[in-house]
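Following: one structure in structure tokens, then a few remarks.
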Amino acid sequence: MRSLLPYCAVLPLAVPLNLEASLFCGQAFRWQVITEDGEKKFRGVVEGELVELARTDESIHGSLRIESTAPLILNQPLEKFFTRYLGLDDPIEAFFAPEFQHNYPDLFAASEHYFGLRVLHQAPFETLISFMCAQGMGIALIRRQADLLATNLGSTTTEQNFIPITAYEFPTAAQLAEAPLAALQVCTNNNSIRARNIKAVASLVARGDLKLETLASPHASLDEARNALMACSGIGEKIADCVCLFGLGHSDAFPIDTHVRQYLDAWFGLRTATQSLTRTGYDRLADEARKILGAKYAGHAGQILFHYWRLNVRGLTAV
DNA sequence: CCCCAGGCAGCGC
DNA sequence: GCGCTGCATGGG
């Protein structure tokens with residue numbers, strides 16, 4: 001069977017990888033799980049290129065096959081780009097601090113199945129806008145909004161190397177800033193407030209008044225980054241933390257949502273977790289979590305616990 | 001008609 | 001600061 005995509009690379013995995021969990025926990029809303037010839041694959045659009053990821057064998061310690069419509073992504077070889085994108089060069093052995101392993105050996109052992117999970121390092125602007133779409137929505141609806149933004153307002157590639165491909169790049173800040181409000185609202189489940197907020201944030205980025213590169217680690221601290229983001233209407237603590245963790249490389253960011261509050265209560269007895277969360281209450285809770293997990297990689301550890309909680313305790317589905 | 005979905009902003013105290 | 005409430009929309 002001929003491969004759909006002309007460019008292929010095989011990435012050896014020195015450490016385990018849980019692809020399904022990574023693509024979900026990194027909140028890559030434009031990735032889909034597909035099955036082709038009985039083989040499970042992951043297909044998405046990254047920087048305007050259509051990309052497929054598949055394990056070349058059933059072993060978690062195997063290797064990863066990458067197929068792309070282009071040999072390079074952002075002028076980097078596929079292998080190099082995806083090593084960073086998938087966080088394969090992040091130190092998993094440091095995700096859980098020794099104190100945590102010592103204090104919570106059972107929990108540490110129980111979540112072992114998801115140690116192969118990685119936090120994705122995604123494009124800052126796409127991450128920012130995608131998470132602005134996440135409030136009060138199910139995953140499926142968030143995903144649809146990101147797709148609509150790309151198909152309706154992003155640029156399109158229809159053919160590469162004589163192979164018909166339809167890949168929609170995520171819109172640039174300038175494209176979203178110039179888009180008519182009505183067109184934007186179509187992409188945000190008809191939510192006009194969200195459309196306005198996204199347009200305003202896109203304008204800030206396009207004008208250079210909100211510099212995402214400057215807010216990325218290590219140029220800025222987590223506090224500087226989240227304060228700058230939270231100054232925008234429509235971005236609160238949780239969404240700011242998600243953008244910091246998934247888009248700006250702040251591994252100490254610890255996003256707290258309903259699921260995280262549940263496990264903080266159940267596993268660590270942080271009862272404030274189940275009370276209503278004020279702004280300072282959120283900050284205090286996040287600080288306590290960082291104290292328990294180890295501050296430096298609290299976000300990564302938190303995503304592993306988050307996944308374990310959702311799938312094994314709550315019995316929810318991955319995607 | 002109800003509840004839920006990985007919150008946020010505004011208000012009075 | 002804290003606690004409460006309204007909000008805006010689609011899907012089960």
Side-chain angles (χ1 to χ4, degrees), chain A residues 20-31 114 117 119-120 122 126-149 181-182 184-201 226-247 253-267 270-289 298-319:
Chain A
E20 193 157 14
S22 299
L23 290 176
F24 174 60
C25 276
Q27 299 293 11
F29 292 116
R30 301 178 68 212
W31 284 90
Y114 296 107
L117 179 155
V119 169
L120 300 191
Q122 300 171 86
E126 179 170 346
T127 308
L128 171 60
I129 301 302
S130 296
F131 274 100
M132 290 186 71
C133 297
Q135 178 196 2
M137 293 287 153
I139 297 286
L141 283 181
I142 302 169
R143 193 157 276 171
R144 193 170 80 182
Q145 294 173 82
D147 279 339
L148 282 172
L149 284 169
L181 213 43
L184 215 42
Q185 192 171 330
V186 169
C187 309
T188 58
N189 291 326
N190 284 321
N191 187 320
S192 60
I193 294 176
R194 176 164 300 164
R196 265 205 311 276
N197 287 338
I198 287 176
K199 192 176 167 81
V201 166
R226 66 201 302 275
N227 286 335
L229 292 169
M230 286 190 295
C232 307
S233 182
I235 303 179
E237 312 245 357
K238 191 267 181 180
I239 290 178
D241 275 333
C242 285
V243 176
C244 285
L245 179 60
F246 301 124
F254 189 82
I256 301 176
D257 59 39
T258 50
H259 300 287
V260 174
R261 292 177 64 185
Q262 288 168 21
Y263 81 61
L264 288 178
D265 181 32
W267 289 336
L270 299 180
R271 292 225 302 236
T272 53
T274 52
Q275 298 161 3
S276 83
L277 254 197
T278 64
R279 288 122 184 101
T280 49
Y282 181 107
D283 291 340
R284 275 202 294 271
L285 196 51
D287 280 338
E288 291 197 63
H300 295 249
Q303 288 306 304
I304 290 174
L305 295 181
F306 171 90
H307 216 64
Y308 174 61
W309 173 261
R310 274 184 55 101
L311 271 59
N312 286 43
V313 183
R314 293 286 317 282
L316 300 175
T317 54
V319 191

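Here is the naming used below: chain letters follow the sequence lines, and residue numbers restart at 1 for every chain. Just so we're clear, the structure is a prediction, and the values are computed from it rather than from any experiment.
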> Is it true that the side chains of A/Asn189 and A/Arg194 contain a donor and an acceptor less than 3.5 Å apart?
Replying inline: no

Provide, to the nearest angstrom, the distance between the [atom1] atom belonging to [X] and the [atom2] atom belonging to [N].
X	N	atom1	atom2	answer
A/Leu245	B/dG6	CG	P	17 Å
A/Leu229	B/dG7	CG	C1'	15 Å
A/Leu277	B/dA9	CG	C1'	15 Å
A/His307	B/dG6	NE2	P	13 Å
A/Ile193	C/dG10	CD1	P	13 Å
A/Arg143	C/dT9	CZ	C1'	19 Å
A/Gln145	B/dG6	CD	P	12 Å

Out of [options], which has the shortest distance to the side chain of [X]?
X	options	answer
A/Gln303	B/dG6, C/dG11, C/dT9	B/dG6
A/Lys238	C/dG11, C/dC2, B/dC8	B/dC8
A/Arg310	B/dG6, B/dC8, C/dA8	B/dG6

> If you pin A/Cys242 and A/Ser233 to their nearest nucleotides in DNA chain B, which one's is more 5'?
Replying inline: A/Cys242

Considering all heavy atoms, the nearest [X]-[Y] contact:
X	Y	value
A/Phe131	A/Ile239	O-CD1, 3.3 Å
A/Leu245	A/Pro255	CD2-CD, 4.0 Å
A/Val201	A/Cys232	CG2-CB, 3.8 Å

>> Can you pull out the residues from residues 126-137 of chain A that lie within a 4.0 Å heavy-atom distance of DNA chain B?
In response: A/Gln135, A/Gly136, A/Met137

> Going through the checks in order, is the salt bridge (Lys or Arg N to Asp or Glu O under 4.0 Å) test met by A/Glu237 and A/Arg226?
Replying inline: CA-CA 7 Å; A/Glu237 312 245 357; A/Arg226 66 201 302 275; 3.0 Å; yes

[N] OP1/OP2 closer than 4.0 Å to side-chain N/O of [X]:
X	N	result
A/Asn189	C/dA8	no
A/Thr188	C/dT9	no
A/Arg284	C/dC2	yes
A/Arg144	C/dG11	yes

Give [X] one of three labels, base, sugar-phosphate or nothing, depending on what nucleic acid heavy atoms sit under 4.0 Å from its own.
X	answer
A/Thr278	base
A/Glu237	sugar-phosphate
A/Ile256	nothing
A/Ile142	nothing

> Mind checking the P distance from C/dT5 to B/dC3? Whole angstroms is fine.
Replying inline: 15 Å

> When the C1' atoms of B/dG6 and C/dC2 are considered, how many whole Å apart are they?
Replying inline: 24 Å

> What orientation do A/Phe24 and A/His307 show, parallel under 30°, tilted 30 to 60°, or perpendicular over 60°?
Replying inline: tilted

> Using the ring of each side chain (for Trp, its six-membered ring), is A/Trp267 parallel, tilted or perpendicular to A/Tyr308, with breaks at 30° and 60°?
Replying inline: parallel

> Could you go step by step and tell me if A/Asp265 and A/Leu270 meet the side chain to side chain contact (heavy atoms under 4.5 Å, CB included) rule?
Replying inline: CA-CA 5 Å; A/Asp265 181 32; A/Leu270 299 180; 5.9 Å; no

Pairwise N/O distances under 3.5 Å, protein to nucleotides 10-13 of chain B:
none

> Taking only residues two or more places apart in sequence, or in another chain, which ones meet A/Ala289 in a side chain to side chain contact (heavy atoms under 4.5 Å, CB included)?
Replying inline: A/Phe254, A/Leu264

